[in-house]
Amino acid sequence: MDKFWRRFRRNKLALTGLCILVLFILSAIFAPLLAPHDPNRANLRNRNKPPSREHPFGTDDMGRDILSRLLYGGRISLSVGLVSVGISLTIGLILGAIAGYFGGAIDTVIMRLADIFYSFPFLILAITISAIFGPSIYNTMMILGILSWPGPARLLRAEFLKLKTTDFVAAATALGANPRRIMFRHILPNAFSPLLVSATLGVASAILSEAGLSFLGLGVPPPAPSWGNMLNRARPLHILAGMPWMWIPPGLAVFVVVLSINFVGDGLRDAFDPRQDQTQQYE
Amino acid sequence: MWRYIIRRIVVQGIPVLLGFTFLLYLVITIAPGSPVTHLRGVPNIDEETIARREAQLGLNDSFPVQYLKWLGRVLRGDLGLSFDSSRRPVAELIMERMPATILLSLSSIILAWLIGIPVGILSARYQYSVLDYTVTFLAFVGISIPSFFFGLLLLYVFALRLNLLPAGGFFMAGEARTLLGYVKYLLLPGITLGLSDIAGIARYMRSSLLEVKGQDFLRTARAKGLTENVVVYKHALRNALLPILTLMGFTIPFIFSGAVIVENIFAWPGLGSLAIQAVNERNYPVIMGINLMFAVLIFLGNLVADISYAIADPRIRYE
């Protein structure tokens with residue numbers, strides 16, 4: 001662990017990403033304390049105002065305070081990211097573990113199913129499902145979670161295939177442990193590091209997808225603020241051209257958070273992967 | 001070679017395609033409301049008429065029968081009629097929009113490869129140089145920036161502020177279709193769509209080349225006294241390019257996903273903007289048709305990727 005942290009710290013980009021990410025998480029948690037205004041209170045006499053002392057990021061086309069909406073939007077974007085990765089990890093974990101451990105026909109069926117999900121444009125399926133069940137925060141979490149299970153499933157299957165031939169698994173089997181215990185108590189903890197990396201990167205892509213869906217009007221529905229639907233409101237050309245304070249901050253927020261998570265994910269991968277040191281010696 | 005291709009189609013392609021249509025049909029069937037819902041409550045229509053209409057539409061059949069009937073119609077090219085007032089055949093609507101989407105996707109794929117590969121090679125050739133660090137950082141940026149935000153930024157700077165390029169659309173009525181015209185309309189959406197791919201390919205190319213650079217046969221080449229340039233560009237590059245080909249099939253679904261957003265931003269008259277329109281109108285036959293079309297396009301794209309990989313690497317064919 002100590003060694004792991006030392007390796008992670010050496011990666012300056014990952015460390016910077018981690019700091020920025022912590023800042024965003026804190027600001028999302030403490031949004032009610034930090035937000036200068038109620039994010040949903042419209043004030044029609046105060047519409048489309050550029051940044052001022054009263055409204056540091058200006059107001060939107062309904063006179064709502066952009067900074068407050070940005071802070072509350074962070075809560076939604078981050079929680080959609082986390083929950084949907086939680087869902088996809090749970091499904092992927094179970095199916096991947098079963099496929100990798102038992103193999104045979106079950107494995108073929110599960111992996112073909114993964115192929116189907118994997119080989120299809122994610123967003124097109126997501127908007128189709130969202131249109132059918134109606135856009136909402138919970139549906140967005142479900143859609144993103146359910147559609148992204150093949151990633152973790154494939155990864156876990158590969159880890160299980162690799163680990164099930166090891167001596168400690170043979171030992172556990174010889175001691176009479178049942179398959180469930182072997183899968184989740186003996187093998188799973190050893191697959192922890194690649195899983196953590198994939199979950200981290202998964203959060204980044206879930207946040208991007210949520211923002212994309214909400215931007216298309218099929219993710220988090222208004223009036224709840226999300227970074228994606230804030231950008232959606234700024235679509236008319238006169239807002240785009242004349243009122244950049246409405247769309248640049250939410251766009252930047254998505255970008256910076258996703259970039260930070262990707263840096264952290266990359267740093268984790270390097271820190272977990274001892275091979276990295278060897279290749280560096282090699283060069 | 002042919003055996004390999006046919007095996008890919010029969011063993012991999014067709015089951016995936018069939019499975020996908022089945023899941024899609026299932027999802028659409030779960031959708032609340034049926035094609036006769038709107039008839040209920042209309043004064044002159046009684047329950048009997050509705051029942052007759054249901055029978056006519058085959059709604060009384062069991063789910064597998066409905067699915068097979070639908071599949072049969074699809075195989076004959078009949079995708080049904082659009083729900084909106086035009087009642088046009090879905091196949092016709094899709095064929096109208098498809099060329100624009102293919103043009104946009106192909107342009108951005110070509111752009112991504114033309115930029116991504118050389119950048120990745122240079123980055124690996126001069127590993128740990130300022131250039132390498134810059135490329136690595138920019139690749140992260142390219143992967144992380146949301147396409148809609150990047151697209152809006154390009155639109156804002158080049159179309160709205162500098163007035164250099166059109167703010168979206170694709171050839172106005174009567175406008176001459178010159179090469180320059182194509183470039184003008186394609187540039188911003190093409191770059192927006194291609195950006196994450198440029199970044200991904202550059203990163204992948206870099207790591208692929210670095211991996212090859214450490215191998216024994218290159219140590220031999222260096223030991224023979226070849227210059228580093230010959231070692232990298234002549235010996236290492238060929239082997240490093242192989243894994244990149246697999247990336248091609250892999251990125252196609254992402255390109256089409258991106259096309260939905262990019263077409264929407266730049267008012268590009270393709271399948272992506274048709275999809276959004278259909279989704280907003282809950283126009284299920286059109287939604288089904290578009291999903292199906294994308295599935296087929298991806299199937300074909302993967303096939304091209306597989307074939308080119310088999311041509312490039314003989315070992316694959318005899319697997």
Side-chain angles (χ1 to χ4, degrees), chain A residues 13 17 112-113 115-134 201 204-205 207-209 211-213 215-218 227-228 231-232 234-235 237 240-242 244 247-248 250-263 266 278-280 282-283, chain B residues 12 15-17 19-20 23-24 27-28 30-32 127-128 136-137 140-141 143-150 152-153 155-156 159-161 167 210-211 213-214 249 252-261 264-265 271-272 275-276 278-280 282 284 287-288 290-291 294-295 298-299 302:
Chain A
L13 287 178
R112 276 291 167 278
L113 209 60
D115 283 346
I116 294 173
F117 277 80
Y118 222 64
S119 64
F120 202 74
F122 175 84
L123 201 66
I124 293 165
L125 213 51
I127 61 173
T128 304
I129 300 174
S130 171
I132 290 170
F133 295 101
L201 299 176
S205 71
I207 290 176
L208 268 184
S209 305
L213 271 179
F215 174 75
L216 293 172
L218 292 159
W227 293 336
L231 271 147
N232 180 24
R235 293 291 306 285
L237 280 184
L240 210 55
W247 59 273
I248 291 185
L252 267 182
V254 181
F255 170 48
V256 171
V257 163
V258 171
L259 186 65
S260 309
I261 299 176
N262 280 336
F263 281 146
D266 199 59
Q278 288 163 16
T279 50
Q280 270 165 4
Y282 204 87
E283 285 303 318
Chain B
Q12 281 238 280
V16 168
L17 213 51
F20 175 74
L23 283 182
L24 190 64
V27 169
I28 298 264
I30 303 172
Q127 198 190 5
Y128 303 131
T136 305
F137 183 80
F140 267 109
V141 170
I143 290 166
S144 307
I145 195 163
S147 60
F148 47 88
F149 183 49
F150 184 63
L152 290 181
L153 279 177
L155 198 67
Y156 178 68
L160 301 176
R161 289 274 124 166
L210 285 179
E211 202 155 297
K213 263 175 85 178
I252 293 170
F254 289 94
I255 286 278
F256 285 141
S257 268
V260 176
I261 285 182
N264 194 37
I265 296 173
L271 283 178
I276 295 294
V279 154
N280 284 329
R282 305 289 184 270
Y284 293 125
I287 297 175
M288 276 298 258
I290 292 173
N291 272 288
F294 273 117
I298 284 161
F299 167 69
N302 278 324

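In what follows, every chain begins at residue 1, and chains take the letters A, B, ... in the order their sequences are listed. Small disclaimer: the values here were computed from a predicted structure and weren't measured.
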To the nearest 0.5 Å, atom CD1 of B:I276 lies from atom CD1 of A:I127 at 4.0 Å
Rounded to the nearest 0.5 Å, the CZ atom of B:F254 sits from the CG atom of A:L123 at a distance of 11.5 Å
Under 4.5 Å to a heavy atom of chain A? For B:L23 that would be side chain
Honestly, the part of A:F117 sitting under 4.5 Å from a heavy atom of chain B is side chain
Heaviest contributor of heavy-atom pairs below 4.5 Å to chain B, chosen from A:T128, A:D115, A:V254, is A:T128
Applying a strict 4.5 Å limit to non-hydrogen atoms, the region of B:L271 in contact with chain A is neither
CG of A:L240 to CG of B:L152, rounded to nearest 0.5 Å, is 5.0 Å
When rounded to the nearest 0.5 Å, the distance separating CD1 of B:I261 from OG of A:S209 is 8.5 Å
Bottom line for A:P244: the part with an atom under 4.5 Å from chain B's heavy atoms is side chain
Given B:N280, B:I290, B:L153, B:L24, the one with more heavy-atom pairs under 4.5 angstrom with chain A than any other is B:L153
Contacts of B:S144 meeting side-chain contact (heavy atoms from CB on, under 4.5 Å) (sequence neighbours excluded), chain-then-number -> A:F255, A:V258, A:L259, A:N262
Ranked by heavy-atom pairs below 4.5 Å to chain A, first place among B:F137, B:F294, B:F256 goes to B:F294
Derivation and outcome, side-chain contact (heavy atoms from CB on, under 4.5 Å), residues B:F149 and A:L208:
CA-CA 11 Å; B:F149 183 49; A:L208 268 184; over 6 Å; no
So, the part of A:A211 with a heavy atom under 4.5 Å from chain B: the answer is both
Okay, A:L125 and chain B: the region with an atom under 4.5 Å from a heavy atom over there is both
inquiry  = With side-chain contact (heavy atoms from CB on, under 4.5 Å) as the criterion, how do B:F148 and A:L231 come out once you've worked through the C-alpha distance, each side chain's angles and the decisive distance to 0.1 Å?
reply    = CA-CA 9 Å; B:F148 47 88; A:L231 271 147; 3.4 Å; yes
Rounded to the nearest 0.5 Å, the CG atom of B:N264 sits from the CZ atom of A:R235 at a distance of 5.0 Å
Most contact-rich option vs chain A, by heavy-atom pairs under 4.5 angstrom, among B:N291, B:I145, B:I143, B:I298, is B:N291
Whatever's closer than 4.5 Å to a heavy atom in chain B on A:L218 counts as side chain
Sorted by chain and number, sequence neighbours left out, side-chain contact (heavy atoms from CB on, under 4.5 Å) with B:F299 holds for B:I9, B:L17
Rounded to the nearest 0.5 angstrom, the CD1-CD1 distance for B:I287 and A:I124 is 11.5 Å
Bottom line for A:F122: the part with an atom under 4.5 Å from chain B's heavy atoms is both
